[in-house]
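Written below as structure tokens is the structure these notes are about.
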Number of protein chains: 2
Amino acid sequence: MARTGRPREFDRDKAIDAATALFWAQGYEPTSLTQLKSCMGNISPASFYAAFGSKEALFREVVQRYLETYGQVMAPLWDESLSPREAIERTLHGSARMQSARAHPTGCLVVCGASNCSPENEPVQALLAAERQRTRTGIRACVERAIANGELNASPATDVLPDILTTFFHGMTCEARDGMRPDTLDAAVTSLLTLWDLNAVKRGTAKRPKKKLTD
Amino acid sequence: MARTGRPREFDRDKAIDAATALFWAQGYEPTSLTQLKSCMGNISPASFYAAFGSKEALFREVVQRYLETYGQVMAPLWDESLSPREAIERTLHGSARMQSARAHPTGCLVVCGASNCSPENEPVQALLAAERQRTRTGIRACVERAIANGELNASPATDVLPDILTTFFHGMTCEARDGMRPDTLDAAVTSLLTLWDLNAVKRGTAKRPKKKLTD
DNA sequence: ATATATATGTATCAATCGATCCGTATATGA
DNA sequence: TCATATACGGATCGATTGATACATATATAT
């Protein structure tokens, strides 16, 4: 049964998409209610607050939407049907291309969405920090699974491999924002994964590139 | 000869240091004049504007100060008395420890000082972006010098090496801000540099670690 | 002593911030 | 038809933003 009351005159989903683009490009704090209402189709303050509650509540919906769409480039991290190497590879390549694509703001909303924040908006910071931590955990789990699988050697190098991958991953936001091209970022990912292969257990059927590692 | 007029009642240098800490921790836009005046010793608006001109002008002085102090961890990049490998190594290790030190805000001011910015403050963004570009150029120059010196092979892997190093370098800000410990970040740098050594030209006197690469 | 130059304290500016109130419009349910 | 529920337009809230005005205080220069 349809909901009672006067129907909304704007598309709530499209409004969230528009807000996502704005928050993604500018970050949480610099994005004003005026800008938001404007990009959502010049809706009134009353409509805004009735539909979303507050700026922070809208941002939380935006993050949720982002994670369900663009953020799905990270999904391979938690897909245990993939080999750990493939999971990492797909995640990094996918993220590199997504973050540097020109169809939307560059970089990662989770990394740069609230990187400059007043103390009063610490909860917003914390929301994104928790999500970044989830990524770290996912990357580390892949490496540990590879060690458990016998795909990677256990060694000091594989101990720090998650930190390297994570640091590089988070650095892509800065590079993409500063204009690095998708192909360039993608090639960097490919080469970085040499660090994985260096520590791969050598077998007849090992997943190693056919070309020389250094080429 | 001493300057005419009533002398300033606060220490301009210390005020800039205090402002640096604040801008570093919060970023340009979220840092208010009220906070700045407060941390500078409760100076008045008149004193502030007489001494610094504007919030943006102060920020430019702060960036200058930062580059001359903390930012000097990057100096090896342009020190041609060092081998390229040493220059990169010292820069990354020094930056890793500086950015994660607890004596001051974590991360790099140049990376995160204006990462969330309204369109109206684009010049501030541009100031830091130009500095980041300078870093990229410096890193690339080191790699190219190493190739010219014969320390590194010219190859697709060395072509993308600057991009990998730069991306990792810029990612350290996120990791440091999220609490990564100095030793951890430092160890990641050490391991990342394996990518350099993989492409080092092999000679009897080559600068290669004595231990196995993967350890 | 007087002029000049700079700094300070206080009050205040216009603009914008996120958010709320109120009267009205438009839908459904009984 | 009338009650209920939701959305809308527009005015406005108090707080804060970066910045300025003006009178006064304190130094040097002549």
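Residue numbers begin at 1 in each chain, while the letters A, B, ... track the order of the sequences.
Distance B:Q26 CD to D:dT17 P: 11 Å, rounded to the nearest Å. Distance CD (B:E120) to C1' (D:dA19): 14 Å, rounded to an integer number of Å. In this structure, B:R3 atom CZ and C:dT4 atom C1' are separated by 14 Å, rounded to whole Å. As rounded to whole Å, 13 Å separates atom C1' of C:dA7 from atom CZ of B:R12. D:dT6 atom C1' lies 15 Å from atom CD1 of A:I43, rounded to whole Å. Rounded to whole Å, the distance from CG on B:L58 to P on D:dG18 is 12 Å.
Among residues two or more places apart in sequence or in another chain, the side chain to side chain contact (heavy atoms under 4.5 Å, CB included) test is passed with A:S38 by A:N42. In this view, A:A146 and A:P84, A:E151, A:L152, A:W196 satisfy the side chain to side chain contact (heavy atoms under 4.5 Å, CB included) rule, not counting sequence neighbours.
Judged by distance alone with a 3.5 Å cut-off, a donor-acceptor contact links the side chain of A:R6 to the base of C:dA25.
A sub-4.0 Å separation between OP1 or OP2 of C:dT8 and a side-chain N or O of B:S47 is present. Neither OP1 nor OP2 of C:dT26 sits under 4.0 Å from any side-chain N or O of A:R8.
Looking at which nucleotide of DNA chain D each of A:S44 and B:E9 is closest to, the 5′-most match is held by A:S44. Two residues, B:N42 and A:G5, neighbour DNA chain C, and the one matched to the more 5' nucleotide by heavy-atom proximity is B:N42.
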TODO: Report, as a single string ordered 5' to 3', how protein heavy atoms within less than 4.0 Å touch nucleotides 11-21 of chain C: B base, S sugar-phosphate only, - not at all.
DONE: B-----SSBBB
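A centroid separation of 6.0 Å or more is found between the aromatic rings of B:F168 and A:F168.
Residue pairs meeting the salt bridge (Lys or Arg N to Asp or Glu O under 4.0 Å) criterion with at least one partner in residues 72-83 of chain B, sequence neighbours excluded, do not occur; the list is empty. Sorted by first and then second residue, the salt bridge (Lys or Arg N to Asp or Glu O under 4.0 Å) pairs involving residues 33-60 of chain B (not counting sequence neighbours) are B:E56-B:R60.
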For residues 108-121 of chain A, tabulate all N or O donor-acceptor pairs below 3.5 Å that involve a side-chain atom, not counting sequence neighbours.
from   : atom 1 : to     : atom 2 : distance (Å)
A:S115 : OG     : B:S115 : OG     : 2.6
A:S115 : OG     : B:N116 : ND2    : 3.4
A:N116 : OD1    : B:S115 : N      : 3.1
A:N116 : OD1    : B:N116 : N      : 3.2
A:N116 : ND2    : B:C112 : O      : 2.7
A:N116 : ND2    : B:S115 : OG     : 3.4
A:S118 : OG     : A:E29  : OE1    : 3.0
A:S118 : OG     : A:E29  : OE2    : 3.0
A:N121 : ND2    : A:E29  : OE2    : 2.6

TODO: Check step by step if side chain to side chain donor-acceptor pair (under 3.5 Å) holds for B:Q72 and B:E68.
DONE: CA-CA 6 Å; B:Q72 284 306 302; B:E68 290 166 357; over 6 Å; no
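At a threshold of 4.0 angstrom between heavy atoms, the contacts of A:F10 are confined to the sugar-phosphate backbone, with no base atom among them.
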